[in-house]
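Everything on this sheet refers to the single structure shown next.
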Amino acid sequence: MNIKEVEELIRFVSKANISEVELETKDIKLVIKTNKAAEVSYQQVPVAMPAAPAPVARPAAPAESSAPAAPAASDDSKYVTIKSPMIGTFYRSSGPDKPPFVNVGDKIEKGKVICIIEAMKLFNEIEAEVSGTVVKFLLNDASPVEYDQPLFLVDPS
């Protein structure tokens, strides 16, 4: 906010018969009080940086539980992850009474519609990026979805 904008705001407040206006942004705080003469208080607000979160101590997992997790992670690495191209709401079918576009175990072709993401009242058909077999859904129907969030796992072989 520059000086001309502040002066215009002072004129507006005095013409509007307002006794006090307070304007605060992350950078400035402006207070205008009027009686017979306008009194202006202007101060720079220091911008505070957020503190780094404290590390959370977690107990070490037993050796038995970490051993089975390693093969599962390597199994998922052979799958292709189809991710959301936008923010919105994920739907498996085109309507509540319609069948899902795909189910686990279905063979899909590149370009086939596999789900819909609703964004700003628009229903966007999401097409498969690869051909293969649907292995796993990573979201429930009607779930909110973020940009680049994984939706499906597909086995391309």
Side-chain angles (χ1 to χ4, degrees), residues 1-2 5-6 8-9 12-13 16 18 20-32 41-157:
M1 184 171 244
N2 62 36
E5 292 171 320
V6 173
E8 287 176 15
L9 186 59
F12 175 77
V13 169
I18 300 172
E20 181 175 340
V21 172
E22 186 171 327
L23 174 72
E24 185 171 350
T25 66
K26 70 176 189 173
D27 298 321
I28 65 164
K29 179 177 181 180
L30 178 67
V31 179
I32 302 173
S41 168
Y42 181 86
Q43 70 184 119
Q44 190 77 18
V45 177
V47 178
M49 297 300 290
V56 177
R58 294 189 177 147
E64 293 175 352
S65 66
S66 63
S74 65
D75 287 341
D76 284 351
S77 66
K78 69 180 179 180
Y79 301 133
V80 175
T81 304
I82 296 178
K83 297 179 179 180
S84 175
M86 65 186 65
I87 296 172
T89 304
F90 169 81
Y91 294 104
R92 290 187 54 202
S93 64
S94 60
D97 55 341
K98 306 283 183 178
F101 290 107
V102 293
N103 290 305
V104 173
D106 287 355
K107 301 267 188 218
I108 59 172
E109 300 279 326
K110 185 176 182 175
K112 176 183 174 25
V113 175
I114 55 174
C115 68
I116 289 179
I117 295 182
E118 178 190 3
M120 296 176 60
K121 304 291 183 195
L122 295 175
F123 292 88
N124 303 282
E125 293 181 337
I126 307 304
E127 298 177 351
E129 302 162 351
V130 296
S131 296
T133 305
V134 177
V135 176
K136 186 177 183 180
F137 289 103
L138 302 173
L139 285 176
N140 293 324
D141 197 35
S143 296
V145 64
E146 295 292 324
Y147 171 75
D148 215 28
Q149 182 175 351
L151 302 173
F152 300 95
L153 289 181
V154 175
D155 185 355
S157 53

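- Between Leu151 and Ile114 there is no side-chain heavy-atom pair separated by less than 4.5 Å.
- Using a 4.5 Å cut-off on side-chain heavy atoms (C-beta onward), Ile126 and Ser84 make no contact.
- Between Ile117 and Phe90, the shortest heavy-atom contact is CG1-CA, 4.5 Å.
- Contact detail for Lys83 and Glu129: the closest heavy-atom pair is O-OE2, 4.1 Å.
- Contact between Ile82 and Ala128 at its shortest, heavy atoms only, is CD1-CA, 4.4 Å.
- The nearest pair of heavy atoms linking Lys112 to Phe101 is NZ-O, 3.6 Å.
- Residue pairs that meet the side-chain hydrogen bond (donor to acceptor under 3.5 Å, both in side chains) test with at least one member in residues 145-157, sequence neighbours left out, are Asp155-Ser157.
- In terms of heavy atoms, Ser93 sits closest to Pro100 at CB-CA, 3.7 Å.
- For residues 110-140, the set of pairs meeting the ring pair (Phe, Tyr, Trp, His ring centres under 6.0 Å) definition, not counting sequence neighbours, comprises Phe137-Phe152.
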Can you give the donor-acceptor pairs under 3.5 Å from side chains of residues 102-111 to other protein atoms, not counting sequence neighbours?
residue : atom : partner : partner atom : Å
Asn103  : OD1  : Arg92   : NH2          : 2.9
Asp106  : OD2  : Asn103  : N            : 2.7
Lys107  : NZ   : Thr133  : OG1          : 3.1

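- Scanning all heavy atoms of the two residues, the minimum distance from Pro150 to Leu139 falls at O-CG, 4.2 Å.
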